[in-house]
There are 2 protein chains.
Amino acid sequence: MAILSVELSINEKLYHRNPQRTELGRNILRHSILLLDELGLEGFNFRKLAERIGSTEASIYRYFENKQLLLVYLANWYWEWMRFRIDMKTMHISAPKEKLRVAISCIVDTAKRNTHIEFIDEDVLHRIVVAEGAKAYHNKEVDAQNKEGFFLSYKALCNRIANIILENNPSFPYPRALASSLLEMANNHIYFAEHLPRLTEVREAGDKLKQVEELLSYFAWRLVFPQVNGPEQELSPLPGSEDGQPN
Amino acid sequence: MAILSVELSINEKLYHRNPQRTELGRNILRHSILLLDELGLEGFNFRKLAERIGSTEASIYRYFENKQLLLVYLANWYWEWMRFRIDMKTMHISAPKEKLRVAISCIVDTAKRNTHIEFIDEDVLHRIVVAEGAKAYHNKEVDAQNKEGFFLSYKALCNRIANIILENNPSFPYPRALASSLLEMANNHIYFAEHLPRLTEVREAGDKLKQVEELLSYFAWRLVFPQVNGPEQELSPLPGSEDGQPN
DNA sequence: GAAAATATGATAGTTTTGCTATCATATTTA
DNA sequence: TAAATATGATAGCAAAACTATCATATTTTC
């Protein structure tokens, strides 16, 4: 379990002052993650965050223009981190199928990290991305923000996964669409299992992340290799258990 | 082109006063859709809406508790409307494949309506659902709101589609997950094509909705009928055109 | 058709959010 | 040691997110 001191590179236009470089900045990152998790984006604001870390609103505004951009920053951090993990874990693999399997396990975040970054709680950040991530790009400023490169990390991540898909099937017609759909599905089904279980077969009980991984594998395999049935081992990931849940 | 005067039934807990029943209520619905489309959820508020329709903030609060619940109301309206369309258009069909094809065309909203409701601009509402729909359930109150039944329409819709999937393949292990994923994918890929085109193969040019329909069909067919290739006609919906778009 | 109930508008006010400005002081860097 | 930079303290403002009250329509009911 190494301590990663390498700074992830995040688009500089996302902040006024680089939060990874100062004590206050790292405090803002650490506690914004915790507070966003507690309150949700709508309940969260810079005043509460300042209070929590014993600083002032004005100081926080010196780092981030507003909470939406802080969210975009955190999302970028997550996307960069996921791409880094995928690269790390697929680098030495040559078999395309195994690469795809590993990528999917990174997407659902089951590929347990052997690295930690002191000021980012990755599990809590994962929850935030699951619950609030889509809000990073669902707003009226998307086009302007996209022009500034705020979503380059997401696109690079998507592209990385799309390439692995193409390595498996060079004539697959929708590599990017499948990649982005796998990314979105991972978040959605984790969220649905917890809050709107009627929208998915993934169950809160047991290892939810493992189930999501199986779901994504099932989809990816059937789509990318139309005649085959699954990532070597399983044929039908989930027994069609009659659900007893009412919600 | 009939005028539908039937009131869609929306969970009564979503409003204080039924907006479909009064002139002001219908004005709120009509103009909230237009204004949400213009400003996005974050830029939208009841003051601006009141100004737009020549009423007052207080009057609008007599109908809806806040803008988030108004959004949930509109989303419910959309879900109910989609389910109604699917039922209408599949009712007389007995072939499961054809049912699924029709359902998908309803999901992406290409199944052009032959009905209109005077105070709802369905095309604009569709844009709102695409851009803001996910915010209806991504908030800290989901669990409480779910308990109140605010998402019953979405679940019923998802269930409807899941049943059509099962009619096509009774042993398909993820009918609900596929149904909700198709619903989410429809919105996402329309949005991506417009704002983040690197995340999808769907192109802004040409008939975007038709392309999304082909994408969803491709996915659904490969998943539900693993040996077959598409909804009768096409084998490979999109030629792998090298993309010249930079975003 | 009068009385009662209900809906709207007008106005005002409260609290919270989102954000900017200024100044003093601490800390770092040159 | 001087200069630059970062933070904290404080203040303030405009807008958002409501709530309350009262007068006047309008509708409903008896």
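Nearer the 5' end of DNA chain C, as judged by each residue's closest nucleotide, is the contact made by A/F44, out of A/F44 and A/R62. Between B/T22 and B/A58, the one whose closest nucleotide on DNA chain C sits nearer the 5' end is B/T22.
Relative ring orientation between A/W81 and A/F84 is described as parallel, the plane-to-plane angle staying below 30° on a 0-90° scale split at 30° and 60°.
Below the 3.5 angstrom threshold, one finds a donor paired with an acceptor across the side chain of B/R47 and the base of D/dA17. The base of C/dC19 lies outside donor-acceptor range of the side chain of A/E65, with no N or O pair under 3.5 Å.
Side chains of B/D87 and B/R160 form a contact here, defined as non-hydrogen atoms less than 4.5 Å apart.
Per the geometry, CD belonging to A/E57 stands 17 Å off P belonging to C/dT22, to the nearest Å. Between A/N27 atom CG and D/dT7 atom C1' the separation is 13 Å, expressed in whole Å. The separation between B/R26 atom CZ and C/dT8 atom P is 10 Å, rounded to whole Å. Look at CZ on B/F46: it is 15 Å from P on C/dG9, rounded to the nearest Å. Spacing between atom OH of B/Y63 and atom C1' of C/dA7 amounts to 7 Å, rounded to whole angstrom units. Atom-to-atom, NE2 of A/H16 to C1' of D/dT7 comes out at 16 Å; the value is rounded to the nearest Å. Rounded to whole angstrom, the span from the CG atom of B/L71 across to the P atom of D/dA17 amounts to 13 Å. Look at CD on B/E23: it is 11 Å from P on D/dT27, rounded to the nearest Å.
Proximity of B/S59 to the phosphate of C/dT8: no side-chain N or O atom is located under 4.0 Å from OP1 or OP2. Remark: B/K48 is in phosphate contact with D/dA16, judged by side-chain N or O atoms under 4.0 Å from OP1 or OP2. Between C/dT17 and A/N45, a contact under 4.0 Å exists linking OP1 or OP2 to a side-chain N or O. Between A/T56 and D/dA9 there is no side-chain polar atom (N or O) within less than 4.0 angstrom of OP1 or OP2. B/R21 has no side-chain polar atom (N or O) that falls below the 4.0 Å cut-off from OP1 or OP2 of C/dA7.
A salt bridge links A/K135 with A/E42: the closest approach of a Lys/Arg side-chain nitrogen to an acidic carboxylate oxygen falls below 4.0 angstrom.
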Salt bridge (Lys or Arg N to Asp or Glu O under 4.0 Å) assessment of A/K48 paired with A/E51: CA-CA 5 Å; A/K48 291 173 186 168; A/E51 200 177 332; over 6 Å; no
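B/F64 comes within contact range of no nucleotide atom at all, as no heavy-atom separation falls under 4.0 Å.
A/Y174 and A/S181 form no side-chain donor-acceptor contact under 3.5 Å, judged by distance and modelled atom types alone.
Of the listed nucleotides (C/dT11, C/dA7, D/dT7), D/dT7 has the atom at the smallest distance from the side chain of A/L24. Of the candidate nucleotides D/dC18, C/dT8, D/dT7, D/dC18 has the atom lying nearest to any side-chain atom of B/Y61.
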